[in-house]
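Scroll down for the structure; my scribbles are underneath it.
When reading the values below, keep in mind they use all heavy atoms of this one structure, side chains included, and skip hydrogens, waters and symmetry mates. In this chain, residues are counted from 1 in sequence order.
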Amino acid sequence: MHNRLLEDICRSSCADVNLLLSSTGLPAAEYLKKEFGIPFVAGIPAHGVGERYFEAVRTASVTGENQYPFRDRGDIPADDKKLPVCLIGEPVVMTSLAASLQTLTGCPTHVFSATEEGNDRAGDRNRFLGKNDSAPKGEEALNAMLSQIVSENASLSGKGIAVAADPCYRDILPEGCSLVRLPHLAFSGRIFLKEIPDLVGEDVLTAFKSSLSAQNTDHYI
């Protein structure tokens with residue numbers, strides 16, 4: 001098995017397109033683009049947006065250009081009369097899930113990157129994030145950004161802002177936010193290992209729908 005894996009790695013320069021499933025793979029993806037001209041597609045085929053994802057794969061193959069199918073979600077209809085949903089974590093996966101939720105619920109979405117991969121030199125922007133997303137510098141900045149979203153939507157009826165994040169973020173969420181538990185090995189290790197969901201299935205959508213109908217309690221995916 002080890003030898004077969006090594007053989008597969010040796011053939012990686014023959015690929016037409018690389019699938020960048022996490023921002024941690026960016027250095028390798030950029031190297032393969034620079035040395036062999038292989039474009040990458042940043043994202044996962046989350047529930048409800050598979051067609052958008054695979055269209056990006058086809059576009060990358062034809063044009064040779066890197067694709068970010070879920071970075072800019074402005075073309076996905078969103079109802080500004082609905083409370084927005086927020087996602088905190090690794091930006092490639094979270095923007096994919098945001099596109100899924102916006103497509104299937106009509107709720108506006110905001111992603112907050114919890115990693116530095118993809119940040120510009122100043123750290124103010126992240127290449128995986130769109131105009132409604134942010135790369136906060138620390139917990140205080142994140143808390144302030146979430147508080148602003150809560151304040152801006154105070155006039156809308158609902159049960160608070162649903163926030164998908166690792167359970168370790170629970171204590172820094174401001175009042176008016178409801179945690180949707182989305183554990184990640186890089187944040188909480190194996191503590192919540194059994195709670196890690198199938199990210200391309202319906203689990204995340206189901207948990208958010210539960211969150212939107214309840215208040216002041218954690219929601220399990």
Side-chain angles (χ1 to χ4, degrees), residues 17-33 39-50 52-53 56-57 60 65-76 78 84-103 107-139 141-146 148-149 161-169 172-173 177 179-188 196-200 204-205 207-208 221:
V17 177
N18 281 314
L19 305 182
L20 182 60
L21 308 180
S22 168
S23 57
T24 58
L26 181 60
E30 288 186 321
Y31 174 82
L32 289 168
K33 172 64 173 172
F40 62 78
V41 176
I44 64 172
H47 181 56
V49 290
R52 184 185 183 101
Y53 177 78
V57 174
E65 298 297 325
N66 299 330
Q67 300 294 311
Y68 303 84
F70 307 122
R71 176 175 61 188
D72 299 310
R73 303 180 297 280
D75 62 317
I76 302 176
V85 296
C86 300
L87 303 95
I88 305 170
E90 191 283 313
V92 171
V93 169
M94 288 305 182
T95 51
S96 303
L97 296 180
S100 169
L101 291 167
Q102 191 162 314
T103 297
C107 293
T109 55
H110 301 272
V111 172
F112 298 93
S113 175
T115 69
E116 296 182 354
E117 290 290 351
N119 284 356
D120 60 19
R121 290 187 177 181
D124 296 324
R125 294 303 304 169
N126 184 293
R127 72 165 67 189
F128 301 112
L129 302 179
K131 66 177 183 178
N132 289 331
D133 307 327
S134 302
K137 297 179 180 179
E139 296 176 359
L142 173 60
N143 182 281
M145 291 176 181
L146 288 172
Q148 182 177 352
I149 291 175
I161 304 297
V163 180
D166 188 276
C168 289
Y169 279 95
I172 68 169
L173 298 184
C177 291
L179 176 67
V180 179
R181 297 165 67 94
L182 185 56
H184 194 292
L185 283 170
F187 293 97
S188 54
I196 297 177
D198 174 8
L199 296 176
V200 298
V204 176
L205 174 65
F208 263 95
I221 293 179

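Side chain of Asp133 to main chain of Val111: a donor-acceptor pair is present (N/O by atom type, distance under 3.5 Å, no hydrogens or angles). A donor-acceptor pair under 3.5 Å links the side-chain atoms of Asn143 to the main chain of Ile172, judged by distance alone. Side-chain atoms of His110 come within 3.5 Å of backbone N or O of Asn132 as a donor-acceptor pair. Judged purely by atom type and a 3.5 angstrom limit, Glu90 uses its side chain to pair as donor or acceptor with the backbone of Ser23.
A salt bridge is absent between Glu116 and Arg127; no separation between the charged side-chain nitrogens and carboxylate oxygens falls under 4.0 Å.
Using a 30° and 60° split on the angle between ring planes, Phe128 and Tyr68 fall in the tilted class, from 30° to 60°.
At a cut-off of 3.5 Å, with distance as the only test, a side-chain donor of Gln102 or Thr109 sits close to an acceptor on the other residue.
Closest approach of Pro197 to Leu182, counting heavy atoms only: CG-CD1, 3.5 Å. Minimum interatomic distance between Val92 and Leu20 (heavy atoms only, all atoms of both residues): CG1-O, 3.4 Å.
Taken from OG in Ser134 to CZ in Phe112, the straight-line distance is 5.0 Å, to the nearest 0.5 Å.
Arg71 is linked by a salt bridge (charged side-chain N to carboxylate O under 4.0 Å, His left out) to nothing, counting only residues two or more places apart in sequence or in another chain. The side-chain hydrogen bond (donor to acceptor under 3.5 Å, both in side chains) search around Ser188 returns Asp166, not counting sequence neighbours. Every residue meeting the ring-ring contact (aromatic ring centres under 6.0 Å, His included) condition with His184, not counting sequence neighbours, appears here in chain and number order: Phe187.
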